[in-house]
Amino acid sequence: MKVVIQRVSESEVVVENQSVGKIGKGFMLLIGIDENDEKQDADWLVQKILNLRVFGDEEGKLNLSILDIKGELLCISQFTLIADYKKGNRPSFIKAAKPDKAIPLFEYFKEEVAKSGLKTESGIFGADMKVSLANDGPVTIVMDSKTKL
């Protein structure tokens, strides 16, 4: 699994001109699921993300996690993160998990994040989504469960 983590002051996802998810201060997460990903990948990422210290403390140092600040999360499925762009100019998405595997794993990820007690919203899997955000910092981090060693 690959996740792009963006620290935001606000973020919203709109589908067919209707808001389906909206958060204030926290993380907007773009989540890509590979055909070889399993629940263990999601578990590792959830723990890393919830404990990632990228929010400022009283001295302005990045010492606080989203749990510490009681932030909010917006989860967006993003199969294009699994793109293979090495050959040619048209990316291949063949390694992205098919919906029968990706949807349950995306739902599992959201459920595990929500167990933190933090407000957790999401887009709609497979929908044409319009995502807006105010990137705070900007702070953007990319995590890949395959590089956790």
Side-chain angles (χ1 to χ4, degrees), residues 1-83 91 93 95-149:
M1 289 179 84
K2 292 182 184 176
V3 179
V4 175
I5 304 152
Q6 294 187 291
R7 188 180 75 181
V8 299
S9 55
E10 63 184 2
S11 185
E12 182 176 19
V13 59
V14 173
V15 175
E16 296 180 6
N17 296 318
Q18 185 172 357
S19 178
V20 297
K22 186 174 184 177
I23 64 165
K25 186 175 184 174
F27 289 147
M28 194 279 299
L29 306 172
L30 300 174
I31 303 159
I33 301 172
D34 183 281
E35 63 187 356
N36 295 315
D37 288 331
E38 302 293 338
K39 285 184 176 180
Q40 297 89 331
D41 295 284
D43 291 337
W44 183 81
L45 284 164
V46 165
Q47 289 309 305
K48 291 297 281 187
I49 291 165
L50 291 176
N51 293 291
L52 186 65
R53 295 177 9 192
V54 295
F55 292 93
D57 62 15
E58 60 279 346
E59 296 175 12
K61 295 187 181 196
L62 301 182
N63 279 327
L64 302 177
S65 72
I66 194 163
L67 294 169
D68 295 327
I69 67 153
K70 296 181 179 32
E72 301 174 351
L73 299 122
L74 179 61
C75 301
I76 307 293
S77 62
Q78 182 82 42
F79 79 93
T80 60
L81 288 177
I82 309 301
F93 305 108
K95 292 186 179 182
K98 305 293 182 261
D100 63 329
K101 178 171 187 168
I103 292 170
L105 199 47
F106 180 68
E107 292 299 323
Y108 175 79
F109 181 94
K110 290 189 317 184
E111 290 166 10
E112 292 301 303
V113 167
K115 286 180 182 176
S116 68
L118 300 177
K119 177 182 176 184
T120 304
E121 304 261 321
S122 72
I124 298 173
F125 189 96
D128 181 22
M129 295 178 275
K130 308 299 182 213
V131 181
S132 62
L133 66 126
N135 195 325
D136 182 18
V139 173
T140 302
I141 295 174
V142 179
M143 287 188 184
D144 186 338
S145 64
K146 301 302 185 232
T147 61
K148 62 186 168 206
L149 298 176

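The basis for the numbers below is simple: all heavy atoms, side chains too, and nothing from hydrogens, waters or symmetry mates. Numbering of residues begins at 1 and proceeds along the displayed sequence.
- Taking OG1 of T140 as the start and CD1 of I5 as the end, the distance is 9.5 Å to the nearest 0.5 Å.
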Exercise. Which is it for I49 and I66 under the side-chain contact (heavy atoms from CB on, under 4.5 Å) test, yes or no, and what are the steps along the way?
Worked result: CA-CA 8 Å; I49 291 165; I66 194 163; 5.6 Å; no

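- Under a cut-off of 6.0 angstrom, the local environment of NZ in K101 is crowded, with over 12 non-hydrogen atoms contributed by other residues, nucleotides or ligands.
- Within the 4.5 Å cutoff, side-chain heavy atoms of L52 are placed close to those of M143.
- In this structure, E72 contributes its side chain and G26 its backbone to no donor-acceptor pair below 3.5 Å.
- Counting heavy atoms from C-beta outward, I23 and L73 have side chains that stay 4.5 Å or more apart.
- Between F55 and D68, the closest side-chain pair of non-hydrogen atoms is not below 4.5 Å.
- The structure places CD of Q6 at 9.5 Å from CG of L29, a figure rounded to the nearest 0.5 Å.
- Taking NZ from K110 and CG from L74, the interatomic distance works out to 10.0 Å, rounded to the nearest 0.5 Å.
- Ion pairing between a basic and an acidic side chain is recognised when a charged N comes within 4.0 Å of a carboxylate O; K130 and D128 show such pairing.
- The nearest pair of heavy atoms linking L50 to S116 is CD1-CB, 3.9 Å.
- Looking at residues two or more places apart in sequence or on another chain, you find a side-chain contact (heavy atoms from CB on, under 4.5 Å) between S77 and F106, F125, M129.
- Not one N or O on the side chain of S122 forms a donor-acceptor pair closer than 3.5 Å with the backbone of T120.
- Distance CG/L81 to CZ/F93: 10.0 Å, rounded to 0.5 Å.
- For the side-chain contact (heavy atoms from CB on, under 4.5 Å) criterion with I76, the lone passing option out of V4, V131, I124 is V131.
- The two residues S145 and D41 make their nearest non-hydrogen contact at OG-OD1, 2.8 Å.
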For this session: Take V113 and L118 through the test side-chain contact (heavy atoms from CB on, under 4.5 Å) and record every step on the way to the result.
Result: CA-CA 8 Å; V113 167; L118 300 177; over 6 Å; no

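- The ring pair (Phe, Tyr, Trp, His ring centres under 6.0 Å) analysis of residues 2-23, with sequence neighbours excluded, yields no pairs.
- Expressed to the nearest 0.5 Å, how far CZ of R53 lies from CG of L62 amounts to 9.5 Å.
- V20 and E121 get closest at one heavy-atom pair: O-OE1, 4.0 Å.
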Exercise. When you look at L30 and M28, which way does the side-chain contact (heavy atoms from CB on, under 4.5 Å) test go after all the steps?
Worked result: CA-CA 7 Å; L30 300 174; M28 194 279 299; 3.7 Å; yes

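- By the side chain to side chain donor-acceptor pair (under 3.5 Å) test, K119 is found to be paired with no residue, residues two or more places apart in sequence or in another chain being considered.
- Using modelled atom types, one side-chain atom of S11 and one backbone atom of S132 make a donor-acceptor pair closer than 3.5 Å.
- The minimum heavy-atom distance linking Q78 with T80 is given by the pair NE2-OG1, 2.6 Å.
- In this structure, CG in D34 is found 7.5 Å from NZ in K95, a value given to the nearest 0.5 Å.
- Contact between I33 and A102 at its shortest, heavy atoms only, is CD1-O, 3.4 Å.
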For this session: I would like to know whether V3 and F27 meet side-chain contact (heavy atoms from CB on, under 4.5 Å); could you show each step before the answer?
Result: CA-CA 11 Å; V3 179; F27 289 147; over 6 Å; no

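- Dense packing is recorded around NZ of K98, with more than 12 heavy atoms of other residues, nucleotides or ligands lying under 6.0 Å away.
- When every heavy atom of K146 is checked against every heavy atom of M1, the shortest pair comes out as NZ-N, 4.5 Å.
- Ionic pairing of D136 and R7 is present here: one or more N-O contacts between side-chain nitrogen and carboxylate oxygen are shorter than 4.0 angstrom.
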